[in-house]
Amino acid sequence: QVQLVESGGGLVQAGGSLRLSCAASGRTFSSYAMGWFRQAPGKERRFVAVISWSGASTTYADSVKGRFTISRDNAKNTVYLQMNSLKPEDTAVYYCAAGMKYGSSYSLYHYWGQGTQVTVSS
């Protein structure tokens with residue numbers, strides 16, 4: 001069982017930066033691939049980024065490639081999402097998720113956080 005708690009969301013102007021954190025409970029954090037997803041109002045939840053259990057592999061959605069960076073610290077049971085050059089279309093609730101398999105599909109992830117709101121003003 002893994003419990004996930006996101007933090008770091010907020011209101012930022014376009015072009016600004018935020019760093020999201022996701023703290024995980026449980027001793028098996030390092031066994032899981034960790035993903036970030038986001039959901040804008042009235043839209044489905046969409047993949048943002050994923051990092052493998054070791055941190056050696058990462059994959060990004062095309063919409064955030066070059067602007068967002070996912071990383072993890074297994075000693076701290078935490079995964080991060082550094083978001084730079086933010087755009088109004090990045091506004092959404094951001095969720096972290098843990099899964100046993102690496103990938104971008106929503107169905108691969110078994111555990112989800114409660115989400116943190118990111119709002120980017122123009």
Worksheet item: Checking side-chain contact (heavy atoms from CB on, under 4.5 Å) for the pair Ser71/Met34: CA distance, chi angles, key distance, verdict?
Response: CA-CA 9 Å; Ser71 61; Met34 297 297 298; over 6 Å; no
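- Linking Ile, Leu, Val, Met, Phe, Trp and Tyr whenever their side-chain heavy atoms come within less than 4.5 Å puts Val118 and Tyr60 in one cluster.
- Applying the disulfide (SG to SG under 2.5 Å) test to pairs two or more places apart or on separate chains, those with a residue in residues 1-119 are Cys22-Cys96.
- Cluster membership check: Leu18 does not share its hydrophobic cluster with Phe37, using side-chain heavy-atom separations under 4.5 Å among Ile, Leu, Val, Met, Phe, Trp and Tyr.
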Worksheet item: After noting the C-alpha distance and the side-chain angles of Thr91 and Gln117, does the key distance pass the side-chain contact (heavy atoms from CB on, under 4.5 Å) rule?
Response: CA-CA 8 Å; Thr91 295; Gln117 176 71 47; 4.0 Å; yes
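- Residue pairs meeting the salt bridge (Lys or Arg N to Asp or Glu O under 4.0 Å) criterion with at least one member in residues 56-65, sequence neighbours excluded: Asp62-Lys65.
- If you run side-chain contact (heavy atoms from CB on, under 4.5 Å) between Ser21 and each of Val79, Val5, Thr78, only Thr78 comes through.
- Closest approach of Ala40 and Ala92 over heavy atoms only: N-CB, 3.8 Å.
- With rounding to the nearest 0.5 angstrom, the OG1 atom of Thr119 is 10.5 Å from the CG atom of Leu86.
- Contacts classified as disulfide (SG to SG under 2.5 Å) and involving residues 49-88 (residues at least two apart or in different chains) are not found.
- When all heavy atoms are compared, the tightest approach of Ile70 to Trp36 is CD1-CD1, 3.5 Å.
- In this structure, Arg67 contributes its side chain and Ser85 its backbone to a donor-acceptor pair below 3.5 Å.
- A centroid separation of less than 6.0 Å is found between the aromatic rings of Tyr106 and Trp112.
- Within a 6.0 Å sphere centred on CD of Gln3, heavy atoms belonging to other residues, nucleotides or ligands number 12 at most.
- Thr28 places a side-chain heavy atom less than 4.5 Å from the side chain of Val2.
- Judged by the 6.0 Å distance and 45° axis criteria, Arg72 is not positioned over the aromatic ring of Tyr32.
- Panel note: side chain Gln13, backbone Val120; no donor-acceptor pair is recorded below 3.5 Å.
- The stretch residues 28-63 participates, sequence neighbours left out, in no disulfide (SG to SG under 2.5 Å) pair at all.
- Cluster annotation: Tyr109 is not connected to Val64 through the hydrophobic network of ILVMFWY side chains, with a link wherever side-chain heavy atoms come within less than 4.5 Å.
- Summarising the geometry, atom CD belonging to Glu44 is positioned 12.5 Å from atom CZ belonging to Arg38; distances are rounded to the nearest 0.5 Å.
- Cluster annotation: Leu11 and Met83 are assigned to distinct hydrophobic clusters (Ile/Leu/Val/Met/Phe/Trp/Tyr, side-chain heavy-atom contacts under 4.5 Å, transitive).
- Rounding to the nearest 0.5 Å places CG of Asn77 at 8.0 Å from OG of Ser25.
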Side-chain atoms of residues 46-55: list all donor-acceptor pairs with protein atoms under 3.5 Å, sequence neighbours left out, distances to 0.1 Å.
{"unit_1": "Ser52", "atom_1": "OG", "unit_2": "Gly55", "atom_2": "N", "d": "3.4"}
{"unit_1": "Ser52", "atom_1": "OG", "unit_2": "Ala56", "atom_2": "N", "d": "3.3"}
{"unit_1": "Ser52", "atom_1": "OG", "unit_2": "Ser57", "atom_2": "N", "d": "3.0"}
{"unit_1": "Ser54", "atom_1": "OG", "unit_2": "Ala56", "atom_2": "N", "d": "3.2"}

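- Here the NZ atom belonging to Lys87 is positioned 14.0 Å from the OG atom belonging to Ser122, to the nearest 0.5 angstrom.
- Both Tyr111 and Leu81 sit in one connected hydrophobic cluster of ILVMFWY residues. Membership requires side-chain heavy atoms under 4.5 Å apart, directly or through other members.
- Counting only residues at least two apart or on different chains, no ring pair (Phe, Tyr, Trp, His ring centres under 6.0 Å) pair has a member in residues 65-97.
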